[in-house]
Amino acid sequence: MNAAEAAVERIVTELEGALVAGAQVPDAVLPRLEPRDLRARLKDAAENHAKLAQIARQWTHNFTALMKPDGVAARREEIMYAPVSAFILFVQRHIKDLHAAARSAQSSLTAARLLLPSILNNFKPSDFGEGERIDIALFNRPISNDARAHLGRDTLDFFAIIECKKHQDSKEEYNDALDQLIQYTRHVYRVQHNRRFAWALSVCGTNVYAVVMLHDAVLVSSAMDVSEPDGRKQFVELLVNWAMCDDVQAGYDPTMEFVPTSKNYRIQCPDKKGRMRTYTTTSNIVAAVDVLGRHTRCFVAESVDKKGGPKDVVVIKDAFAASRPPPHDDEHNEISHLRKIKKEFKGKKVDFMYPELVHGGDVVLPTGGSRVSNIAANSAYGFDDNTDGIFSLMSAAREDVPQPSNDGVNEERSWTQQPYRVHRRLVMRPYGRHLRAVLSEAELIVVLAEAMRCHTAIRNRYKILHRDISPNNILVVRGSGGLPHGLLIDFDYAIPLERDGRSGRQGLSGTLPYMSIWNLEHGDKTKTALDDWEALLYTLCMWGTRGVSSKQREADGRDLTKAPISEWSKGTYKDIAQAKRRHMHSVESFECGILEYFHPKCLALRQLAQDLHAAFATLKKDPLDRRLKHESDIVKALAEVMDKYNRAAKNWLRSRAKKTTAGRSSVQDATRTIETLSMQDGSPKPKSKTKSKSKTWGKSRR
C-alpha cells in the first residue's frame with residue numbers, strides 16, 4: 001500500500017464517521033438556509049472537521065431536502081456550492097494533517113499540493129469573457145497553506161473547474177455541464193502555458209464525474225455517487241491522488257516555470273546534444289486556445305547568461321506534434337525540416353526570411369517535483385506514481401497506448417488509441433510578432449507576400465509542402481530597414497513532396513477556418529501548393545472582413561457573426577467545405593458572398609483577394625478537377641499577383657517614410673496608391689458588381 005492508498009483509507013474512515021455523527025445534529029436547519037448563509041457557515045467551519053462534515057452531509061445524505069426544503073419548490077443549483085466545497089475541504093484538511101504528521105515524524109512527506117475550492121461562486125474569473133461564469137474553481141495551492149476556501153479569481157492558479165447541476169439523471173444537464181467545462185477550460189490552456197492536460201469536475205445531483213481533457217480526447221469517468229459509501233470513497237481517492245502526485249502526473253510541465261514577480265516564464269530548451277538551455281520569455285505570441293490539438297505556444301524570449309553577457313533574443317515554439325514512432329525518423333519532424341532548411345539557405349543571398357533553428361529537441365520531463373509547493377524535481381522528496389489510481393476512474397486501467405496510423409481520419413477513438421504525440425520545443429531566429437502587429441493594409445500585404453515567397457522557395461529547393469498557412473504561422477519581423485518582413489513558421493504538418501512536386505501523404509492538415517476545400521472534403525486526394533495558396537486567400541478574406549488594425553475592428557459596428565465568412569468555422573468539415581464551395585464557386589458568388597462584407601477601409605485587400613480568386617479561376621472547367629495538370633501555371637499566376645501587390649505596397653511604405661514630415665497619409669490614400677501602382681502592370685480595374693458566371697471555382701465533381 002503506497003502513501004496515497006493509506007491516506008485514502010484513513011480519510012474515508014474519518015469521513016464516514018463524521019457524516020454519521022453529523023446525523024446526531026438536526027438536519028432541519030441547514031437545508032433551509034439561503035446560499036449566502038450556508039457559505040458563511042462554511043467559512044466558519046474551515047478548521048472544524050465536524051462542522052465541515054455536517055455541511056457536506058446536506059449533499060451526501062440530505063440532498064432531496066436541500067433542494068426542496070419545503071417539499072415543493074425546487075431550488076437552484078447554487079445551494080449545492082457550499083456542501084460540495086465542504087466535502088472537498090474535509091479531504092484537504094485531512095491531507096494537510098497527514099502531511100504535517102509525516103513531517104514531524106521525519107518520515108517521507110506525502111502531499112504535493114492542496115486543492116482548495118473558491119470562496120467565490122458563480123463568478124467571472126480573470127481572463128474570461130463577458131457572460132462566462134463558473135460555479136466553483138479548484139485552486140492549486142502550496143501544501144503550506146491553510147486548508148480553507150481560497151479567495152481569488154486568477155485563472156493562472158486553477159487546477160480544475162467545477163460545474164454543478166441539480167438533476168441527477170438529466171442527460172441534457174449532463175451534456176450542458178460537459179459543454180461548459182470544455183468551453184471554460186480553453187481559458188485555462190490559454191493562460192497556463194505550462195499546462196499539458198487539464199482536469200474538471202461535473203457534479204450532477206449527487207453524481208460526480210471526473211473529466212480529463214487530453215490532446216485528442218475528452219474523457220469522462222463513470223458516476224461517483226456520493227450518496228453511497230463506494231461513490232464517496234472513489235471521490236476521496238481522486239482528490240487524494242490529485243494532491244499527492246507530482247506536477248507531471250497532475251498535468252503540468254516542470255520545464256516551464258512561471259515567475260510571479262516578473263509575470264513571465266523560465267523555459268528549458270534541449271539543444272542538439274540534449275543539454276538544457278534556459279530562456280526567459282518577454283511576450284507570448286501564440287497561446288493554446290483550444291482544448292484539443294497540438295497546444296502550440298510561441299514566445300519571444302531572451303537567453304539567460306549567467307556570466308552577464310549579451311542576451312540572445314529568439315522565438316520559442318512549444319507543441320505536442322502528431323508523430324510516428326520512432327519520432328526522430330518521422331517525416332513530420334519539424335526539427336529535421338528546419339535543420340535541412342538552414343543547411344540549404346545559410347550563407348546564400350535570398351530575398352525572404354526563413355526560420356533559422358538555434359536549438360531544438362524532444363522535451364523530457366523531470367519527475368518528482370511540485371512547483372507550487374517549491375519542491376524540486378528529482379529531489380529526495382519523492383512521490384508515488386499515482387497515475388493508475390487516477391485513470392482507473394476513467395473506466396480503464398492505464399495501458400501502453402498502441403501506435404495508430406495518424407492518418408488524419410476525423411473519428412472517435414478509444415482513449416487508448418489516440419494519436420501518438422511528441423512534445424517538441426524549438427528555439428529559432430529571427431523573432432517576430434503576431435500578424436496582428438501590422439499597422440496597415442500595405443504592411444499586411446508585404447508580410448504575406450514574403451511569407452509565400454519563402455513557402456515557394458522551400459517547396460522548390462527543399463521539396464516539402466507546408467500545409468498549414470494561417471495567421472498564427474506568419475510572424476511580422478521588423479528590422480532596421482523600416483519595412484516589415486514576413487516569417488513563415490510552424491512546419492509541424494510539413495511533409496516531403498513526391499518527384500512530381502505533389503504530396504502523396506493523405507489526411508487532414510491545417511487550421512480552421514483556413515483549410516482548403518480539398519483538404520476538408522477529400523482527405524484521400526493528392527495535396528499540392530495550391531492548397532496552401534487557397535489557405536492564404538482565406539486568410540486575406542478573414543482579415544479583409546474584420547479589418548486590419550485594432551482601431552478598424554473596434555470601430556466596426558457590423559454584426560459579423562451573421563456574415564457568410566462565419567460559416568468557415570462552424571459545423572463539420574463537410575459543412576465548411578460546402579459553404580466554401582458556395583462562396584468560391586464563381587466570380588459573382590465570391591463578390592456577393594465574401595467581398596461585399598469586407599471592411600469599408602480594406603479596399604486594397606478586397607482587390608487583392610479578387611485578383612487571387614481570378615488566378616485560381618483561370619480554367620474554364622472546375623480547377624479542383626483539373627488543377628493537378630495545371631498546378632505550375634496557377635501557382636505562377638498567384639505568385640505574380642502577390643509580387644505585383646508586394647511591389648506596390650513597398651513603394652507606398654517607402655514613400656510614406658519619406659513624407660513623415662508632411663504628416664501621415666490616410667488609409668484611403670494608401671489604398672489608392674496601391675491600386676494605382678498595381679494597375680500599372682495592366683490589371684483590370686475592379687467593378688463593384690460582376691454578373692459573369694463564366695469562371696467557376698470549386699464546382700461539385702459529383
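FYI, side chains are in, hydrogens and waters are out, and symmetry mates aren't considered; it's all heavy atoms of this structure. All of these numbers come straight from a predicted model, not from anything done at the bench. FYI, the numbering just counts along the sequence from 1.
With sequence neighbours excluded, the residues that form a ring-ring contact (aromatic ring centres under 6.0 Å, His included) with Y265 are H193, F258. With sequence neighbours left out, the side chain to side chain contact (heavy atoms under 4.5 Å, CB included) criterion links S569 to P513. Partners of H359 under the side chain to side chain contact (heavy atoms under 4.5 Å, CB included) rule, at least two apart in sequence or in another chain, are D271, R277, Y279, V427. Residues satisfying the salt bridge (Lys or Arg N to Asp or Glu O under 4.0 Å) test with R478, not counting sequence neighbours, are E443. Taking the ring-ring contact (aromatic ring centres under 6.0 Å, His included) definition, one finds that Y514 meets it with nothing, sequence neighbours left out. Not counting sequence neighbours, the partners of D643 by the salt bridge (Lys or Arg N to Asp or Glu O under 4.0 Å) test are R453. With sequence neighbours excluded, the residues forming a salt bridge (Lys or Arg N to Asp or Glu O under 4.0 Å) with K342 are E356, listed by chain and number. The side chain to side chain contact (heavy atoms under 4.5 Å, CB included) check on D575 picks up T572, Q578, with sequence neighbours excluded. Legend: residues meeting salt bridge (Lys or Arg N to Asp or Glu O under 4.0 Å) with K348, ordered by chain and number and at least two apart, are E344. Contacts of D253 classified as side chain to side chain contact (heavy atoms under 4.5 Å, CB included), with partners at least two apart in sequence or in another chain: N194, R196, T255, M256, L365, H423, R425.
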One pair to check against side chain to side chain contact (heavy atoms under 4.5 Å, CB included): E640 and Y645. What are the steps and the verdict? CA-CA 9 Å; E640 287 175 351; Y645 279 81; over 6 Å; no
Can you check side chain to side chain contact (heavy atoms under 4.5 Å, CB included) on H466 and L488, steps first, answer last? CA-CA 9 Å; H466 188 276; L488 182 63; 3.7 Å; yes
Working for side chain to side chain contact (heavy atoms under 4.5 Å, CB included), residues L560 and S566: CA-CA 7 Å; L560 297 180; S566 66; over 6 Å; no
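Rounded to the nearest 0.5 angstrom, L653 CG and I445 CD1 are separated by 9.0 Å. Interatomic distance, K340 NZ to F491 CZ, rounded to the nearest 0.5 Å: 13.5 Å.
In this structure, the side chain of H337 engages the main chain of A494 through a donor-acceptor pair within 3.5 Å.
Checked against the 6.0 Å centroid criterion, the rings of Y189 and H295 qualify as a close aromatic pair. For F352 and F345, the ring centers are positioned less than 6.0 Å apart.
With salt bridges taken as basic N to acidic carboxylate O contacts below 4.0 Å, none links K601 and E441.
Remark: of the listed residues L487, V300, L475, V315, V300 is the sole one forming a side chain to side chain contact (heavy atoms under 4.5 Å, CB included) with R433.
Scanning both residues, L608 and M642, for their nearest heavy atoms gives CD1-SD, 4.0 Å. In this structure, Q192 and R297 approach most closely via the heavy-atom pair O-NH2, 3.4 Å. A pairwise comparison of heavy atoms in K527 and N519 identifies CE-OD1, 3.8 Å as the closest pair. When all heavy atoms are compared, the tightest approach of M213 to T185 is CE-OG1, 3.4 Å. When every heavy atom of L638 is checked against every heavy atom of A615, the shortest pair comes out as CD2-CB, 3.6 Å.
Using modelled atom types, one finds a donor on one side chain and an acceptor on the other under 3.5 Å when comparing D468 with T511. Side-chain contact check for S516 and D531: at least one donor-acceptor pair (N or O, by modelled atom type) lies under 3.5 Å.
Applying the salt bridge (charged side-chain N to carboxylate O under 4.0 Å, His left out) test to pairs two or more places apart or on separate chains, none has a residue in residues 511-520.
W568 carries K580 over the face of its six-membered ring, with the cationic atom under 6.0 Å from the centre and within 45° of the normal.
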Under 3.5 Å, which donor-acceptor pairs link side chains of residues 540-551 to any protein atom two or more places apart or in another chain?
from: T545; atom 1: OG1; to: C541; atom 2: O; distance (Å): 2.7
from: S549; atom 1: OG; to: Q552; atom 2: N; distance (Å): 3.2

